[in-house]
Amino acid sequence: ADGGRITLSVPATDSPTEYVLEVLSPAGTAEGQRRFTVLRDATPPDVLFDTTPPQASALSVVSVTGAAPDADSLRLGDDPVPLGADGAFAIDLPLGPGRNVFDLVARDRVGNVTLRQISIVQDREAPVIARATVVSDDGLITVTAEARDNLGLRPVAGFELELDGEVTAGVLRCDPA
């Protein structure tokens, strides 16, 4: 004992283990007792988003909100992110042209870490239609188009088709070449 203080190490496991610390008199009788339970915490904190961040955006800043309820700290890259009492957070992600990757790191009080990587492509250029053909066969019109985009095409996209002054809107499926 050092000035009335003692330090001890006990094994910690995945299931709770109860220990009893007794203070003994010089005669060997118990003068005090303290019970405590030890449990190893190997569970990293959750990082939950209110809404899944977009994969692509034309914006220069995307706002992301969520919660890291068991986290003691949250960082976006090297910058600390303020956490509310319930672990709530709100961050603005600045986007530049092309792919933007952000590391969101949550750490709990015992050092467990969760890394959530957010990847958003800033795409302000519309795809270019390289080629289009229209074939009419017995009243059925088939339109085939080839489009290119320097950042990649989305698997689905909206469209508008005007025929004899009437506009029809729908959704196109993009098949990989």
Ring geometry between F36 and Y19 (parallel below 30°, tilted from 30 to 60°, perpendicular above 60°): parallel
Qualifying residue for side chain to side chain contact (heavy atoms under 4.5 Å, CB included) with F89, from L76, L48, L74: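 Looking at L76, L48, L74, the match for F89 under the side chain to side chain contact (heavy atoms under 4.5 Å, CB included) is L74.
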Can you tell if the side chain of [X] reaches within under 4.5 Å of the side chain of [Y], non-hydrogen atoms only?
X    : Y    : answer
D46  : T114 : no
F49  : I118 : yes
P53  : V62  : no
S60  : L95  : no
T142 : D137 : no
V113 : R107 : yes
I6   : L21  : yes

Within a reach of under 6.0 Å around [atom1] of [X], are more than 12 heavy atoms found that belong to other residues, nucleotides or ligands?
X    : atom1 : answer
R109 : CZ    : no
E22  : CD    : yes
E166 : CD    : no

Between [atom1] of [X] and [atom2] of [Y], what distance do you get to the nearest 0.5 Å?
X    : Y   : atom1 : atom2 : answer
L39  : S15 : CG    : OG    : 7.5 Å
D108 : S73 : CG    : OG    : 9.0 Å
T65  : D50 : OG1   : CG    : 3.5 Å
L24  : Q33 : CG    : CD    : 10.0 Å

I need the minimum non-hydrogen distance between [X] and [Y], along with the two atoms involved.
X   : Y    : answer
A58 : Q122 : O-NE2, 4.2 Å
L83 : A68  : CD2-CB, 4.4 Å
P45 : N112 : CD-O, 3.5 Å

In terms of side-chain geometry, is the basic nitrogen of D14 or R40 positioned less than 4.0 Å from the acidic oxygen of its partner?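 Yes, D14 and R40 are salt-bridged.
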Would you find a donor on one side and an acceptor on the other, under 3.5 Å apart, between the side chain of D92 and the backbone of V61?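 No, the answer is negative, given that no donor and acceptor are paired below the 3.5 Å cut-off.
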Is a side-chain N or O of Q55 found less than 3.5 angstrom from the main chain of V121, in a donor-acceptor match?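 Answer holds: no.
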Shared ILVMFWY cluster between V134 and L163, side chains joined below 4.5 angstrom? yes
Going through the distances and angles, do L104 and V64 end up as a side-chain contact (heavy atoms from CB on, under 4.5 Å)? CA-CA 11 Å; L104 192 59; V64 175; 5.9 Å; no
How would you list, by chain and number, every residue that makes a side chain to side chain donor-acceptor pair (under 3.5 Å) with N100, sequence neighbours excluded?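 N100: no side chain to side chain donor-acceptor pair (under 3.5 Å) contacts found.
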